[in-house]
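As a basis for the values below, the full set of heavy atoms in this structure was taken, side chains included, without hydrogen atoms, waters or symmetry mates. Both ligands and their constituent atoms are indexed starting at 1 by order of listing.
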Amino acid sequence: MDSKMLSEKPVGVVGAGSFGTAIANILAEKSKVLLYARNESVVDHIEKKGISSGQLLHENVSGSNELEEIASKCDIIFPIVPSSNFRSLIKDFSEYLHPYHILIHGTKGLDVSIQDETQESTKLNRNQVRTMSEIIQDESLVVRVGCLAGPNLARELADKQPAATVVASHFDEVIQAGIRLLRNDRFQVYGSQDLIGVELCGVLKNIIAIASGALSGMGYGENARALLISRGMVEMIYLGRALGGNTEAFIGLAGVGDLVATCSSTLSRNFTVGYRLAQGENLQQITDSMDETAEGINTIRIAKKLTNFYKVRAPILEMLHKVLFENLTVEEALQYLMKYPLNVDIDFL
Ligand SMILES: NC(=O)C1=CN([C@@H]2O[C@H](COP(=O)(O)OP(=O)(O)OC[C@H]3O[C@@H](n4cnc5c(N)ncnc54)[C@H](O)[C@@H]3O)[C@@H](O)[C@H]2O)C=CC1
Ligand SMILES: O=C(CO)COP(=O)(O)O
């Protein structure tokens, strides 16, 4: 595909939430963009008011309510919806998708097929858990898939602050397309061939972000956060490698970069969940009053079952699971972690 064709055809973004909208605006600096929303009133708002998810839209962005229109007009499409809706979206989309399409998703979550998981199951293996790029391949004829992941808090992107992301794919043309479409003088784009590793970075850092919010909610400062980030990174690497990622991805922008951003910002929804837990709210109260997606909650549930299967040492994850789903208090979890008998700093290199 040459650059002339790219500039002639619009780029598709599916999902008009905080991140989909921020990415649509970045893409719009170089291309026409078709932004898909399920809800007709949201499309109406996009068309008439030029606003989506509270963000003023670039003039190159128009709205669409038709997946068929997105697939027929766009060769390159960015699906950015929560992981809980990702498979059903791709199923609906698949009849319009062809092998010439390129899909680069921005979703930081995992999927478990219903038939593979029951409430009682305590273990999951890798074959029972899908990343979003795997869902695209499972459910459609699209071959050239990729993801974008990195420290990309939507609000900061919307405010045009400097930032960078990683586009990962097994196909160089997907990486090159991502760089060509997204890169501008405030937004750097790096490439990686480790698609699974980069996807897992974005997914697993949300677990640690919840823990970081909890530390802040208890009033603790930067020593505690640094301890959490570095030990959290080790857990991410253990589990990420068990699931097929390489260590390199985790020490890059999508790994430690996104981990630091999300663990340090009150803009992060996952951080906010942890903060509110530490302030005494329960999970139900928090999720009932949040409009946006905090992927880390479901990821903790899935990751715990994966660590049970692979016997991965992940004490932070274990404690968070108990806090979220088994009524352990945040203070009790912290006490347990501070007594955890470990003294080797780095044993994964
Ligand atoms: N907000 C952020 O700063 C960032 C978010 N992400 C990831 O992006 C994904 C989406 O997050 P946000 O945009 O923040 O979520 P959000 O909660 O702001 O919005 C999600 C949007 O997806 C739409 N949606 C859900 N199912 C859909 C479907 N089947 N078809 C079309 N639209 C559908 C919803 O209507 C909503 O507009 C998540 O996996 C998140 O982890 C990644 C990087 C940054
Ligand atoms: O992934 C993010 C920033 O890179 C956004 O994190 P939250 O989903 O926690 O808001």
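Under the 4.0 angstrom criterion for non-hydrogen atoms, Gly109 is not in contact with ligand 1. Ligand 1 lies within reach of Arg269, whose nearest heavy atom is under 4.0 Å from it.
Nearest-residue assignment for atom 10 (O) of ligand 2 (options Lys205, Glu156, Arg269, Lys108; heavy-atom criterion): Arg269. Between the choices Phe86, Phe19, Phe93, Tyr36, the shortest heavy-atom distance to atom 6 (N) of ligand 1 belongs to Phe19.
Within the listing of ligand 1, atoms 20 (C), 22 (O), 25 (C) sit less than 4.0 angstrom from a heavy atom of Pro82. Residue contact check: Ala16 has heavy atoms under 4.0 Å from atoms 37 (O) of ligand 1.
No hydrogens or angles considered: nothing links the side chains of Asn206 and Thr299 as a donor-acceptor pair under 3.5 Å. Neither side chain, His170 nor Gln193, offers a donor N or O lying under 3.5 Å from an acceptor on the other.
Inclusion of Leu153 in the set of residues having an N or O under 3.5 Å from an N or O of ligand 1 is not warranted.
Contacts with ligand 1 closer than 4.0 Å are made by heavy atoms of both the backbone and the side chain of Glu292. Here Asn152 has backbone heavy atoms under 4.0 Å from ligand 1, and that is the only part of it that gets that close. When non-hydrogen atoms are compared, ligand 2 lies under 4.0 Å from neither the backbone nor the side chain of Glu292. Proximity of Thr262 to ligand 2, defined as any heavy-atom pair under 4.0 Å, is confined to the side chain (atoms from C-beta onward).
Distance from atom 24 (N) of ligand 1 to its nearest protein heavy atom, with residue and atom name: Arg38 NH2, 3.6 Å.
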